[in-house]
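Computed from heavy atoms alone, side chains included, the values below leave out hydrogens, waters and symmetry copies.
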Amino acid sequence: MNNKAVKVFLSIILALVVVIGGVAVGLTLKNGRQEIKPAAAPVFGKTDKDEDTPSEAPTEAPTETKAPVTLRMLSVGDNLIHDGIYEQAKKRAGGNGYDFSYCYTRVKDTIAAADVATVNQETIVAKSYEPSGYPLFNSPQELGQAVVDTGFDVVNLANNHMLDKTAKGLAEAIDFWDSTGLVRTGAYKDAQDLETVEYIEKNGLKIGLVGITQYTNGLVLPSDSPLKYILTSDEATIERKIKAAKAQCDVVLVNVHWGSEYTTTPSQEQRNLAKKMADWGANVIIGHHPHVLQPVEWIETGDGTRTLVAYSLGNFISQQNTAARVIGGMLRYDITKDFETDKVTVGNVRFETIVTHYVSGSHDVQIYPLSQYSDALAKKQAARIKQADFSVAYIENFVKEVIPEEFLPA
């Protein structure tokens with residue numbers, strides 16, 4: 001073959017590589033949920049398939065589908081910091097601030113293992129105020145750092161104690177939680193912040209968040225305050241928030257502070273609102289406020305899917321003094337998105353019982369998974385909680401009366 005023939009042959013090969021390379025780039029950009037147009041000009045490049053055997057007329061390759069993604073989720077109830085808990089933390093810090101790590105050490109590994117873990121922060125964290133307990137709570141900022149260190153990713157601020165330290169305290173709490181890197185839900189800097197979809201993104205899935213409360217204990221914001229929160233009575237805003245999150249995210253998770261304290265049965269108002277939120281697009285609803293357990297169940301929606309609702313997970317930690325109020329739960333569940341069908345499912349739901357144990361009140365307050373608790377420990381706090389038969393069996397029977405068997409360990 002003479003030099004001229006070689007040049008012609010090489011030119012043909014180069015042209016084919018250019019065309020095929022441009023098609024390959026275009027297809028790569030189209031993969032996924034959002035279609036992106038191919039580059040306007042040819043781009044040099046080649047695929048493994050076409051490297052040695054270029055075709056005369058490139059054909060469209062099948063669109064690749066992203067593999068399903070599953071997130072391991074975990075939600076807990078009320079992080080309720082009474083006086084004895086922060087007094088204990090002050091003692092454990094040895095005169096240098098507060099150390100709350102002892103409270104959470106037995107559940108830390110479980111929480112940190114979740115892809116996304118959520119908590120309801122029942123007490124405000126405001127730097128301008130001294131720590132205080134019931135009825136107007138405030139926790140030191142070291143408490144917030146302990147929440148971060150324990151492994152939580154999302155903090156709900158919508159609850160009946162959110163105005164305990166006035167608008168100033170709530171504003172400081174918002175700023176504090178934003179500084180930690182956790183995603184805040186349920187309290188908003190202003191109207192624009194309220195209308196912004198809050199979300200957390202993990203492993204390519206966006207979880208939209210909504211936080212609402214039924215009560216603020218009769219406290220209200222000043223008329224000139226820009227701060228915002230959402231009451232359960234404001235169904236128009238709740239619907240708008242859920243639908244906006246649904247439009248922009250893969251999953252919608254609602255934290256709601258509702259119901260009557262110390263009752264294990266959800267009210268009809270709770271059930272009615274849960275059904276509405278499910279129909280509006282909520283995939284998971286996590287309830288707080290009663291300080292005791294309420295049932296976990298599925299809600300069938302109009303589009304044939306189902307929503308997981310836990311009406312109350314009880315106290316995560318507190319110093320309340322009855323057997324029912326020291327028994328709480330960590331709810332683990334998986335969220336899976338199938339990108340081929342664009343369908344989201346919630347499954348593999350497991351309720352894990354936890355117990356807040358303390359005897360003296362200011363040196364041994366700690367959360368125990370029931371698997372680590374014992375009759376000997378239960379006996380030590382039986383008198384304090386006025387439950388003479390308090391034991392591991394008592395706790396197991398109490399939980400079985402409230403939480404359906406399908407969600408409990410085998």
Pairing donors with acceptors under 3.5 angstrom, does anything connect the side chains of Glu261 and Thr263? no

For Lys108, look at atom NZ and say whether over 12 heavy atoms of other residues, nucleotides or ligands are found less than 6.0 Å away. no

Verify whether one side chain among Tyr394 and Asn397 offers a donor that lies under 3.5 Å from an acceptor in the other. no

Please check if the side chain of Asn315 supplies one atom and the backbone of Gly328 the other of a donor-acceptor pair under 3.5 Å. no

Is Asp375 paired with Lys379 through a side-chain N to carboxylate O contact shorter than 4.0 Å? no

Thr105 (side chain) donor-acceptor with Ser101 (main chain) under 3.5 angstrom: no

Is the terminal nitrogen or CZ of Arg184 (NZ for Lys, CZ for Arg) located under 6.0 angstrom from the six-membered ring centre of Trp177 and within 45° of that ring's axis? no

Aromatic contact between Phe152 and Tyr104, with the criterion being ring centroids under 6.0 Å apart: yes or no? no

Asn96 CG: over 12 foreign heavy atoms closer than 6.0 Å: no

Do His82 and Phe137 have ring centres separated by under 6.0 Å? yes

Is the NZ or CZ atom of Lys206 both under 6.0 Å from the centre of the six-membered ring of Tyr199 and within 45° of that ring's axis? yes

Less than 4.0 Å between a side-chain N and a carboxylate O, is that true for Arg350 and Asp334? yes

Does Glu130 CD have over 12 foreign heavy atoms under 6.0 Å away? no

May I ask you to check if Arg271 and Tyr311 form a cation-pi contact, with NZ or CZ under 6.0 angstrom from the six-membered ring centre and within 45° of the axis? yes

Side-chain ion pair, Asp115 and Lys202, N-O less than 4.0 Å: no

Check ion pair Asp178-Lys189 (N to O, under 4.0 angstrom): yes

Please check: side-chain N/O of Arg72 versus main-chain N/O of Ala113, any donor-acceptor pairing under 3.5 Å? yes

Got a salt bridge between Glu352 and Arg332, using NZ or NE/NH1/NH2 to carboxylate O under 4.0 Å? yes

Would you name the heavy atoms of Thr213 and Thr216 that are closest together and state the gap between them? CG2-CG2, 4.3 Å

Would you say the side-chain atoms of Tyr98 and Ser139 include a donor-acceptor pair closer than 3.5 Å? no

Could you check whether Asn321 and Gln319, counting side-chain N and O atoms only, form a donor-acceptor pair closer than 3.5 Å? no

So if I apply the ring-ring contact (aromatic ring centres under 6.0 Å, His included) rule between His289 and each of Trp258, Tyr262, Tyr215, which one comes out positive? Tyr215

If you count every heavy atom of other residues, nucleotides or ligands that lies below 6.0 Å from Tyr134 atom OH, does the total exceed 12? no

Do Thr322 and Lys386 make a side-chain contact, defined as non-hydrogen atoms from C-beta onward lying under 4.5 Å apart? no

If only atom types and distance count, is the side chain of Glu87 paired as donor or acceptor with the main-chain N or O of Ser362 below 3.5 Å? no

State whether a side-chain donor-acceptor pair under 3.5 Å links Ser128 with Lys165. no

Can a side-chain donor-acceptor contact be found between Gln270 and Asn272 if the only test is distance below 3.5 angstrom? no

How far does OH of Tyr229 sit from CG of Leu221, to the nearest 0.5 angstrom? 5.0 Å

Please determine, by modelled atom types, if Thr345 and Thr336 share a side-chain donor-acceptor pair under 3.5 angstrom. no

Around atom CD of Glu340, are there more than 12 heavy atoms from other residues, nucleotides or ligands closer than 6.0 Å? no

Checking Lys228, Arg240, Lys241 against Glu195 for side-chain hydrogen bond (donor to acceptor under 3.5 Å, both in side chains), the one that qualifies is Arg240

Is there a side-chain contact between Lys246 and Asn283 in this structure, where contact means two heavy atoms from C-beta onward sitting under 4.5 Å apart? yes

Determine the minimum heavy-atom distance between Gly151 and Ile111, stating which atoms define it. C-CG2, 3.8 Å

State whether the side chain of Gln88 and the backbone N or O of Val365 hold a donor-acceptor pair below 3.5 Å, judged by distance alone. yes

Checking Lys90 against Asp99 for the salt bridge (Lys or Arg N to Asp or Glu O under 4.0 Å) test, could you report, in this order, the C-alpha distance in whole Å, the side-chain angles of both residues, the deciding distance, and whether it holds? CA-CA 6 Å; Lys90 189 172 184 177; Asp99 180 3; over 6 Å; no

